[in-house]
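Structure first, then comments.
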Amino acid sequence: MLSQVRTLESYISTLTAFCIYNEHPAPYDITKPDQASAFAVAMTKWRSYVITGGAVKAMAAYLPVTSLVAQNFSKNVTSADLHLGFLTQLFGGFGLPGAAIKQLDSILTGVVDQLKQVQLSFQTQSSSLDHFLTYYYFATVQGTGGDSGIPAMYDCKVRTMFLHIDQSSWKAAIGKSSINHFTFNMNYFDMDTTMGDLTDDVSAINASIKQLTGKSDVEISAIMSPKAITADPQ
């Protein structure tokens with residue numbers, strides 16, 4: 001199952017890069033604020049497009065949607081305590097242990113530290129900064145494991161979150177102050193899917209990846225693989 005997760009994620013990353021290139025063949029120069037902002041928007045837009053079956057219709061069969069909910073997060077915080085509130089909002093329903101939350105916080109801190117080095121330029125005062133999060137996890141199939149007498153079986157679930165972060169919230173969150181309070185506003189779409197069995201399609205997917213990139217899914221994964229945390233299945 002893990003090899004199928006790797007193949008699917010490599011396929012999604014490849015198709016996303018292909019869509020970005022088709023729209024904007026010239027490389028983005030993220031040292032320029034306007035291009036850094038444009039690249040963030042493009043990455044979010046096209047990854048969402050790919051995962052929801054816009055680029056390859058079969059993706060809807062690989063990731064059938066089980067729920068889609070519009071959410072809002074608005075909280076008066078300091079930059080020091082924003083991370084915990086942010087992670088609790090997005091991942092609180094997973095029942096993750098404290099150690100896993102700490103791992104997520106470490107990943108988020110690393111991302112923020114990198115983003116502090118990037119200057120963004122917004123086209124309008126109302127523009128939001130968009131992000132697209134993808135979280136793979138395993139859920140125990142109902143009726144298996146525990147006291148059922150049936151060995152535990154697991155579904156691979158894929159949770160995606162399309163974030164629209166208020167411009168002023170973004171600037172305050174990335175700033176260096178840890179004292180002043182500010183209101184962090186974010187709207188987002190939370191989509192949950194159950195990954196289908198890719199067994200019959202793995203060869204075709206790998207062939208597509210090879211045709212588009214000249215690399216295997218393993219090589220693409222080494223370049224673009226997501227960060228991992230340690231947690232028991234739900």
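Just so it is clear, the structure is predicted and the values come from calculations on it, not from any experiment.
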Identify the heavy atoms of [X] and [Y] that sit nearest to each other, and give their distance.
| X | Y | result |
| --- | --- | --- |
| Cys19 | Ala55 | SG-CB, 4.2 Å |
| Ala139 | Lys157 | CB-CG, 3.8 Å |
| Thr144 | Pro151 | CB-O, 3.5 Å |

Are the side chains of [X] and [Y] in touch, meaning some heavy atoms are under 4.5 Å apart?
| X | Y | result |
| --- | --- | --- |
| Asp197 | Gln4 | yes |
| Ile220 | Tyr11 | no |
| Thr160 | Leu133 | no |
| Ile51 | Phe132 | yes |
| Leu212 | Leu15 | yes |
| Ile12 | Met224 | no |
| Ser74 | Thr183 | yes |

Tell me who clusters with [X], hydrophobic residues only, linked when side chains sit under 4.5 Å apart either directly or through other members.
| X | answer |
| --- | --- |
| Val218 | none |
| Tyr21 | none |
| Trp46 | Ile20, Tyr28, Ile30, Phe39, Met43, Tyr49 |

Could you state the interatomic distance from [atom1] ([X]) to [atom2] ([Y]), rounded to the nearest 0.5 Å?
| X | Y | atom1 | atom2 | value |
| --- | --- | --- | --- | --- |
| Tyr188 | Phe73 | OH | CZ | 8.5 Å |
| Met161 | Tyr135 | CE | OH | 8.5 Å |
| His131 | His164 | NE2 | NE2 | 11.5 Å |
| Tyr137 | Met195 | OH | CE | 13.5 Å |
| Leu163 | Leu129 | CG | CG | 9.5 Å |
| Lys102 | Leu87 | NZ | CG | 13.5 Å |

Q: For the pair Ser48 (side chain) and Thr44 (backbone), establish whether a donor and an acceptor sit closer than 3.5 Å, ignoring hydrogens and angles.
A: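 Pair absent, no side-chain N/O of Ser48 close to backbone of Thr44.
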**Q.** Under 3.5 Å: donor-acceptor pair, side chain of Thr213, backbone of Ile209
**A.**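 Present.
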Residue pairs, two or more places apart or on separate chains, that pass salt bridge (charged side-chain N to carboxylate O under 4.0 Å, His left out) and touch [range]:
| range | value |
| --- | --- |
| residues 12-33 | Glu23-Lys45 |
| residues 48-72 | none |
| residues 212-226 | Arg6-Asp217 |

Q: For Asp166, check salt bridge (charged side-chain N to carboxylate O under 4.0 Å, His left out) against everything at least two apart and list the hits.
A: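 For Asp166 there are no salt bridge (charged side-chain N to carboxylate O under 4.0 Å, His left out) partners, ignoring immediate neighbours.
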Q) Got a sec, which residues hit salt bridge (charged side-chain N to carboxylate O under 4.0 Å, His left out) with Asp155, two or more places apart in sequence or on another chain? A)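 Listed in chain order: nothing, the list is empty.
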Single-linkage hydrophobic cluster [X]~[Y], side-chain heavy atoms < 4.5 angstrom:
| X | Y | answer |
| --- | --- | --- |
| Ile205 | Val5 | yes |
| Val158 | Phe91 | no |
| Val50 | Val41 | no |
| Leu198 | Phe138 | no |

Q: Please say whether more than 12 non-hydrogen atoms of neighbouring residues, nucleotides or ligands are located less than 6.0 Å from CZ in Phe18.
A: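 No - once you tally the heavy atoms of other residues, nucleotides and ligands closer than 6.0 Å, there are 12 at most.
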Q.
With ring-ring contact (aromatic ring centres under 6.0 Å, His included) as the rule and sequence neighbours excluded, what pairs involving residues 194-225 come up?
A.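 As it turns out, there is no ring-ring contact (aromatic ring centres under 6.0 Å, His included) pair with a partner in residues 194-225 once direct neighbours are skipped.
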Q) Which residues satisfy the side chain to side chain donor-acceptor pair (under 3.5 Å) test with Asp105, sequence neighbours excluded? A)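 His83.
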Q.
Just to verify, which of Gln89, Arg159, Gln71 counts as forming a side chain to side chain donor-acceptor pair (under 3.5 Å) with Asp190?
A.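 It is Arg159; the other options fail the test.
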Using distance only, find each side-chain donor-acceptor pair of residues 62-69 under 3.5 Å and give its atom names and separation, not counting sequence neighbours.
residue	atom	partner	partner atom	Å
Tyr62	OH	Asp201	OD2	2.8
Thr66	OG1	Asp192	O	2.9

Q | Sequence-distant partners of Phe86, ring-ring contact (aromatic ring centres under 6.0 Å, His included), two or more places apart | A |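 Phe86: no ring-ring contact (aromatic ring centres under 6.0 Å, His included) contacts found.
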Q.
Quick test of your reading of the model: are Arg47 and Glu9 salt-bridged, counting only N-O distances below 4.0 Å?
A.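 Yes, charged N to carboxylate O under 4.0 Å.
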